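Since the structure comes first, as structure tokens, the remarks are kept for the end.
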Amino acid sequence: MTNERVTANGFRPDATGFQVPSKHLIIGGTLFGVGCAICVAGIAVSGTGLLKAVQRWVADLERPPSEIAKGTWAQAKAAYTAGSRAWQDENTTQPANAES
């Protein structure tokens, strides 16, 4: 005859080895799942509000962001080209063995 006595917290006092009360695992897993669901709901609500704010901000701009990016890219290309030409011109005007 085996002793099936279980304490209030789910432990079997006569069992040997590592014991994990299943009641605690079930409650912990449930709380974790509920917490994750609340977290996902919070992310969805916050993300929706943030997205609407960004859309309003873009709509209120005088120039769309794509136009601003194109202008900035054109400026960067022009600066690169000017710098590259200046560097090449400097290298071609100096003699290879410039000793004073």
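Each residue takes its place number in the sequence, starting with 1. Keep in mind that what you see is a predicted model, and the values were worked out from it rather than measured.
The distance from atom OG1 of Thr30 to atom CG of Leu25, rounded to the nearest 0.5 Å, is 10.5 Å. For the atom pair Ile27 CD1 and His24 NE2, the distance stands at 6.5 Å (nearest 0.5 Å).
Using a 4.5 Å cut-off between side-chain heavy atoms of Ile, Leu, Val, Met, Phe, Trp and Tyr, Trp57 falls into a hydrophobic cluster with Val54, Val58, Leu61.
A donor-acceptor contact shorter than 3.5 Å is absent between the side chain of Ser84 and the backbone of Tyr80.
Considering every non-hydrogen atom in both Asp89 and Thr92, the closest pair reads O-OG1, 3.0 Å.
Qualifying side chain to side chain donor-acceptor pair (under 3.5 Å) partners for Arg63, counting only residues two or more places apart in sequence or in other chains: Glu67. With sequence neighbours excluded, the residues forming a side chain to side chain contact (heavy atoms under 4.5 Å, CB included) with Arg56 are Lys52, Ala53, listed by chain and number.
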